[in-house]
2 protein chains.
Amino acid sequence: MTGTIDIQERILGTRCCGDEPLTDLTATTAQELSDDFLIFGHPIRLQILHMLGRNAGQVCVCDLEAALPVKQPTVSHHLRLLREAGLIDCERQGLWAYYFINRTAVAQRWAAISAYLQPLV
Amino acid sequence: MTGTIDIQERILGTRCCGDEPLTDLTATTAQELSDDFLIFGHPIRLQILHMLGRNAGQVCVCDLEAALPVKQPTVSHHLRLLREAGLIDCERQGLWAYYFINRTAVAQRWAAISAYLQPLV
DNA sequence: AGGATATATCGATCGTTGTCAATATACTCG
DNA sequence: CGAGTATATTGACAACGATCGATATATCCT
């Protein structure tokens with residue numbers, strides 16, 4: 001049992017910390033994982049994904065702009081973040097850009113998030 | 001089929017936006033949900049939760065400080081955020097504070113996150 | 001070509017969050 | 001009581017993210 005110290009030692013107060021690191025979740029893994037959470041960490045992005053999930057492939061930016069409480073450059077900004085994260089993609093048809101969700105990418109994020117959270121419950 | 005317009009109309013270019021809002025995810029719900037994601041959106045907090053999940057009830061702040069690449073006030077800061085979010089709790093024994101994970105609270109966040117993501121895959 | 005429209009990008013501003021040194025608080029032990 | 005230690009809090013600063021007006025780009029229509 002390396003890395004653990006006797007509970008009695010701690011209660012009696014002779015020492016507190018063990019001498020082995022308590023984590024095998026590396027800093028880089030934690031960083032990547034926190035990015036997975038962060039991309040979902042904004043209400044506008046959640047609403048965008050929700051809309052794209054419900055309206056398969058038929059949503060253009062003006063649809064989104066009309067439904068969201070932010071201006072058009074802000075919508076474009078969040079669309080770009082979602083696109084760079086791979087969660088959505090778009091296809092230009094003439095003047096308009098039709099966005100759609102990448103369900104496989106969402107599933108991958110969900111899997112990574114769940115793999116982290118599951119041992120914690 | 002209110003809220004949908006014919007795909008031909010869009011392709012032919014006579015109009016773009018429908019006249020019904022595309023979302024039933026309210027702004028307040030989206031805000032709460034994004035908070036659920038955001039609390040996990042930092043590598044230090046992920047590492048803390050990971051450590052607490054593995055070492056049931058026996059982790060004090062100096063354990064965490066020793067394992068993490070930030071100073072003690074920063075550890076305390078993130079512990080406070082996690083505590084205010086209900087994800088962890090602590091018990092002071094003498095000079096030390098022993099932190100432990102609230103698995104029920106984590107499970108609730110996970111459920112909320114999954115309920116949102118599941119329809120998107 | 002020229003006017004109109006949809007979307008993207010730029011650039012500035014602003015609020016939020018993370019970090020840490022310094023300090024406060026609370027406890028232990030001699 | 002006084003020195004020592006663990007943790008929390010404060011306050012300042014830096015970094016980052018969100019937002020939007022202005023502008024650029026691309027396309028359509030006449």
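Because only heavy atoms are used, hydrogens play no part in the values below, and waters and symmetry mates are left out as well, while side chains stay in. Here is the naming used below: chain letters follow the sequence lines, and residue numbers restart at 1 for every chain. As the structure is a prediction and not an experimental result, all values here were calculated from the model.
Between the side chain of B:R45 and the main chain of B:I39, a donor-acceptor pair closer than 3.5 Å is present. Of the possible donor and acceptor atoms, one in the side chain of A:Y116 sits under 3.5 Å from a partner among the backbone N and O of B:L46.
Looking at heavy atoms from C-beta onward, B:I113 lies in side-chain contact with B:F37 at the 4.5 angstrom threshold. Contact check for A:N102 versus A:I88: no side-chain heavy atoms found under the 4.5 Å cut-off.
The distance between atom CG of B:L68 and atom P of C:dT19, rounded to the nearest whole Å, is 10 Å. One can place OH of A:Y98 at 17 Å from C1' of C:dA8, the figure rounded to the nearest angstrom. If you measure from atom CD of B:E91 to atom P of C:dC27, you get 14 Å, rounded to the nearest angstrom. Between the CG atom of B:L82 and the P atom of C:dG18 there is a distance of 10 Å, rounded to whole Å. In this structure, B:R80 places its CZ atom 16 Å from C1' of C:dC20, rounding to the nearest Å. The CD1-C1' distance, from B:I48 to C:dG18, rounds to 13 Å in whole Å.
Considering A:D63, A:L87, A:V59, A:L82 in turn, A:V59 is the only one that fulfils the side-chain contact (heavy atoms from CB on, under 4.5 Å) rule with A:L52.
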Reading 5' to 3' through nucleotides 15-27 of chain D, protein heavy-atom contacts under 4.0 Å coded B for base, S for sugar-phosphate only, - for none: ---SBBBB---BB

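One finds a side-chain N or O of A:Y99 lying less than 4.0 angstrom from the OP1 or OP2 phosphate oxygen of C:dA8.
With sequence neighbours left out, the ring-ring contact (aromatic ring centres under 6.0 Å, His included) criterion links B:H77 to no other residue.
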